[in-house]
**Student:** 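Before I ask anything, here is the structure I am working with.
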2 protein chains.
Amino acid sequence: MSVGIKDVARVAAVSPATVSRVLAGRAVDPAMRDRVVAAVRETGYRPNLAARRLRSRHSNTIGLIVADIRNPFFTAVARMVEGIAYEHGLRVIFSNTDEDAAKEAMYLQLMQEERVTGVILAPTRHGVDNIAQYQSDFPIVLIDRAASDGACDSVVLDNGAMAARLVAHLHACGHRRITGLFGTATVTGNERCAGYERAMADFGLSAHAVRVPHERAEAERIVTDLLADESRRPGALIVSNGVMLLSVLRAINALGLTIPRDIAITSFDNEPWMEFVGGGLSVIEQPVEEIGRVAVTMLLDRLDHADQVTRRVVLAGRFIARGSAG
Amino acid sequence: MSVGIKDVARVAAVSPATVSRVLAGRAVDPAMRDRVVAAVRETGYRPNLAARRLRSRHSNTIGLIVADIRNPFFTAVARMVEGIAYEHGLRVIFSNTDEDAAKEAMYLQLMQEERVTGVILAPTRHGVDNIAQYQSDFPIVLIDRAASDGACDSVVLDNGAMAARLVAHLHACGHRRITGLFGTATVTGNERCAGYERAMADFGLSAHAVRVPHERAEAERIVTDLLADESRRPGALIVSNGVMLLSVLRAINALGLTIPRDIAITSFDNEPWMEFVGGGLSVIEQPVEEIGRVAVTMLLDRLDHADQVTRRVVLAGRFIARGSAG
DNA sequence: ATAGGCTGAGAGAACGTTTTCTCTACCCGA
DNA sequence: TCGGGTAGAGAAAACGTTCTCTCAGCCTAT
C-alpha cells in the first residue's frame with residue numbers, strides 16, 4: 001500500500017489539509033511546517049498527481065503534437081518547449097502524428113481527456129484545414145504550419161522572405177536556372193513556393209516549382225527524374241526542408257553528381273551534419289529556441305485572456321552561407 | 001461545465017455504472033449499449049483520465065526517459081517505443097535528461113507521482129550506478145546503457161562484439177594504427193572500449209583508446225589535438241556514437257583533412273546523412289526497432305512476473321560497409 | 001414446479017487529493 | 001476591557017470515475 005497524505009498527516013500529527021497547504025507553499029505555522037516536512041521525508045510520501053488533478057481541476061500540463069518526429073527541426077522545438085514549459089511549472093505530453101490526420105485527431109482527443117491546459121500543434125495538412133471547426137476546451141497554438149485565417153494563435157517562419165533569400169543568394173552566385181522543391185502536404189510548402197516564385201519574378205527569371213510528396217520513395221523518384229537528364233538539369237535547387245533534402249542528396253549521389261560543380265543546393269533547416277556535405281550546405285536556419293519560447297508564451301497569454309484576438313507571430317530565419325551554391 | 005459520466009447516464013436513462021461498463025467494453029444489454037453510445041455521441045462526452053486513473057489505480061502509462069534527445073538514436077527508439085506501447089493500449093510519457101543526473105532523479109520522481117506502470121530508461125552515468133539503490137514502485141527496463149550487476153532488466157547492444165567488428169573491418173582495409181574514441185560518461189563507452197582493446201590485441205596491434213567527454217567543445221579540442229600532428233596521426237578512427245562523430249568531423253574539416261585519404265573513419269550509429277559524408281561512412285547500425293520492442297515487452301513481462309529473475313537481452317548490430325575506411 | 005445458479009443492472013462507497021466552510025485564538029484599536 | 005477583524009487549523013465535502021455489493025430476473029436441471 002502506498003503512502004498517502006493522510007499517513008503523512010498522522011505522522012506529523014496535523015490534519016491532511018495542513019499537509020496539503022505545506023506542500024502548496026501556503027501560510028502555515030513554522031513549527032507545523034517543519035513537522036510536516038519531516039514527516040514527508042520520513043514516510044517517503046509522493047503526491048498522487050491523478051488525485052491532485054482531479055480535485056484541483058487543472059492539470060498543469062500542456063500537449064505538444066508534431067507531425068514528424070524524424071524531422072530534427074521538430075525534435076529541436078520539442079526540446080525547447082519542454083525546457084521552457086518546465087520553467088513555468090508545466091509538464092509536457094508529447095505526441096507524434098507521422099503526418100497522419102487520423103492520429104492527429106486521436107491525439108487531440110487524448111489531450112482533451114487528459115484535460116491539458118493547452119496544446120502546441122504542428123498540424124498535418126488535414127489538421128490545418130480543420131482546426132477551426134475542431135472545438136476543444138483548451139487553446140491551441142499552431143507552430144511551423146498555420147492557416148492564415150486566424151482561427152488560432154500561431155508562430156511561423158517568414159517562409160516567403162526566407163525562400164526569397166535563398167533565391168537572392170543563388171542569383172548572386174550566378175545561377176539563373178533555379179528550381180524549387182516544395183512539399184505538397186503543408187501550407188509551409190505553399191508559402192515557401194510562393195516566396196520563391198515572387199523572388200524569381202523580381203529577378204526576371206522564370207520560376208520552376210516542383211511539388212514533392214512527403215513519401216520518401218516517391219520523392220526520390222521525382223528528384224531523380226528532374227536531375228537525370230543533363231540538358232534539362234537545373235543549375236541550382238532550393239529544397240523546402242531537411243527531410244526532403246535527404247531524398248535530394250540520395251538522388252544526387254545515385255546519379256554520381258557533385259555539389260556544387262554539377263548542381264548547387266540550398267535548403268531550409270540547419271543540422272550539424274550539413275556543414276560536411278557538398279562543401280557545406282547553404283541553408284536557412286530556423287530560430288528554434290525562439291519558436292518554442294514564443295509558442296509557450298502565447299499559450300500562457302491566451303489562458304489569461306481567452307477572448308483576446310488571435311495573433312500570428314512571424315519570425316525571421318538566419319541564412320547561413322556555406323559552399324554549396326558554388 | 002464539462003460533461004461527465006453522470007450526464008451521459010441521465011441522457012441514456014441508465015446508471016453511471018452502466019455507462020462505465022459500456023465504455024470498458026464489458027457485457028451490457030445491447031439495447032442499453034446502443035442508448036449509451038448514442039448518448040456519448042450526443043453529449044460529446046470525453047472521459048476524465050485523471051479520475052479514471054485515480055479510481056482504477058492504474059495509469060496505463062509508461063515513462064520513457066532518455067539521456068540525450070539530440071542523439072537521433074534515442075529519438076528513433078522513442079518513436080518505436082511509442083508505437084509499440086500504443087499497440088498495447090499504453091500511453092507514453094517522454095522525458096529528456098540531457099545527461100544531467102539531477103534531472104534524471106527528478107524525472108524518476110515525477111514518474112513515481114504519475115504512478116506509471118513502468119519506466120524505460122537510458123540512464124546517465126550516475127543513474128547506472130545508482131539505479132539499484134533507487135527504489136521505485138514500478139519496474140524499470142534499462143536500454144542502451146546498463147550495468148552488468150543485474151539490478152534491472154535491460155536491453156543493450158553487443159557493444160564489445162560490434163567494436164571488434166569495426167576493428168576487423170579496418171584491419172581488413174589495411175589499417176594498423178587504429179585509435180578508438182569512447183565516451184567517458186557511459187558504460188556503453190566502457191564496453192565498446194574493452195571490445196576494441198581485445199580485438200586489437202587479437203590482431204597483435206597495440207590499442208590506443210581515447211576517452212572523450214560528452215561536452216562538445218572539449219570533445220572537439222581533444223580530437224583536434226589527436227589529429228593535428230601528421231606524424232602522430234592515427235590511420236583510422238573508431239567513434240563511439242553519432243554525436244561524438246560530429247565533433248570528429250568538425251575537427252577533420254577544420255584541419256582540412258579528407259576521408260578516407262588522410263584518415264579512415266568508422267562509427268557506431270547510422271543516420272541518413274552518413275552515406276553522403278567521407279564517401280559514405282562505414283558504421284554499426286543499431287537495431288532500433290528491436291530495442292524498442294524488446295524493452296516494452298520486457299516491461300510488460302515484468303509486470304506479470306514481478307519476482308522473476310532479471311534478464312539482460314543483448315542484441316547484435318548490423319555492420320554497414322561504405323567507403324570511409326578506404 | 002421449484003430450487004439453485006448465473007447474468008447483468010443500479011446504489012453507493014472508494015480512490016487521494018484540494019477546497020470550502022467553520023471555528024478558535026490572537027491581535028489591535030477604542 | 002471588550003469587540004471586531006484576521007490568520008490559520010481542522011472537518012468534511014467534492015472532484016469524476018470504477019468497483020463492490022446487492023438484488024432482480026431468468027434459465028436450467030432435477
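Naming: A, B, ... by sequence-line order, numbering from 1 per chain. The model shown is predicted, which means the values in this text are computed figures rather than measured ones.
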**Student:** Between C:dG16, C:dT17, D:dA11, which one does the side chain of B:Arg57 approach most closely?
**Tutor:**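 That would be C:dG16.
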
**Student:** Any donor-acceptor pair under 3.5 Å linking the side chain of A:Thr117 with the backbone of A:Ser59?
**Tutor:**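 Here the side-chain-to-backbone pair does not exist.
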
**Student:** D:dC19, C:dT19, C:dG8: which one has an atom nearest the side-chain heavy atoms of A:Arg26?
**Tutor:** C:dT19

**Student:** Check the distance between D:dG16's P and A:Arg115's CZ and give it to me in whole angstrom.
**Tutor:**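 The answer, rounded to whole Å, is 8 Å.
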
**Student:** Consider the side chain of B:Ser15, meaning its heavy atoms from C-beta on, and name the nucleotide among C:dG10, C:dG8, C:dT17 that approaches it most closely.
**Tutor:**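 Shortest atom-to-atom distance from the side chain points to C:dG10.
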
**Student:** Quick one: A:Glu113 CD to D:dT17 C1', roughly how many Å, whole number?
**Tutor:** 13 Å

**Student:** Nearest whole Å is fine: how far is D:dG25 C1' from B:Asp29 CG?
**Tutor:** 13 Å

**Student:** Whole-Å distance between C:dG8 P and B:Arg33 CZ?
**Tutor:** 10 Å

**Student:** Taking atom C1' of D:dG16 as reference, at what distance in whole Å does atom CZ of B:Arg55 sit?
**Tutor:** 12 Å

**Student:** If you find the nucleotide of DNA chain C closest to B:Ser56 and the one closest to B:Val14, which residue's nucleotide is nearer the 5' end?
**Tutor:** B:Val14

**Student:** If you check the A:Arg21 side chain, which of D:dG10, C:dT18, D:dT17 turns out closest?
**Tutor:** D:dG10

**Student:** Can you tell me how far P of D:dC15 sits from CD1 of B:Ile5, to the nearest Å?
**Tutor:**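 Between P of D:dC15 and CD1 of B:Ile5: 15 Å.
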
**Student:** Below 4.5 Å, heavy atoms only, C-beta onward: do A:Thr18 and A:Arg26 meet side chain to side chain?
**Tutor:** no

**Student:** Any donor-acceptor pair under 3.5 Å linking the side chain of B:Arg312 with the backbone of B:Ala147?
**Tutor:**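 Yes; judged by distance alone, with no hydrogens or angles, the pair exists.
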
**Student:** Taking only the side-chain heavy atoms of A:Met32 (C-beta and beyond), determine which of C:dG10, D:dA9, C:dT18 contains the nearest atom.
**Tutor:** D:dA9

**Student:** Do any N or O atoms from the side chain of A:Glu104 and from the backbone of A:Thr124 form a donor-acceptor pair under 3.5 angstrom?
**Tutor:** yes

**Student:** Nearest to the side chain of B:Ala17, heavy atoms from C-beta on, is which of C:dT18, D:dG10, D:dC19?
**Tutor:**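 Of C:dT18, D:dG10, D:dC19, D:dC19 is nearest to the side chain of B:Ala17.
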
**Student:** In terms of side-chain heavy atoms of B:Ala51, which of D:dT17, C:dT17, D:dA9 is nearest?
**Tutor:**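 So the side chain of B:Ala51 is nearest to D:dT17.
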
**Student:** Rounded to whole angstroms, how far apart are CG on A:Asn48 and P on C:dG16?
**Tutor:**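 Nearest whole value for this atom pair: 7 Å.
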
**Student:** Quick one: is C:dA9 close enough that its OP1 or OP2 comes under 4.0 Å of any side-chain N or O from B:Thr18?
**Tutor:**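 So the side-chain polar atoms of B:Thr18 never come under 4.0 Å of the phosphate oxygens OP1 or OP2 of C:dA9.
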
**Student:** Grab the NE2-P distance between A:His58 and C:dT19 for me, whole Å please.
**Tutor:**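 Answer to the nearest Å: 6 Å.
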
**Student:** Mark yes or no for whether B:Arg53, through its side chain, and A:Ala50, through its backbone, hold a donor-acceptor pair below 3.5 Å.
**Tutor:** no

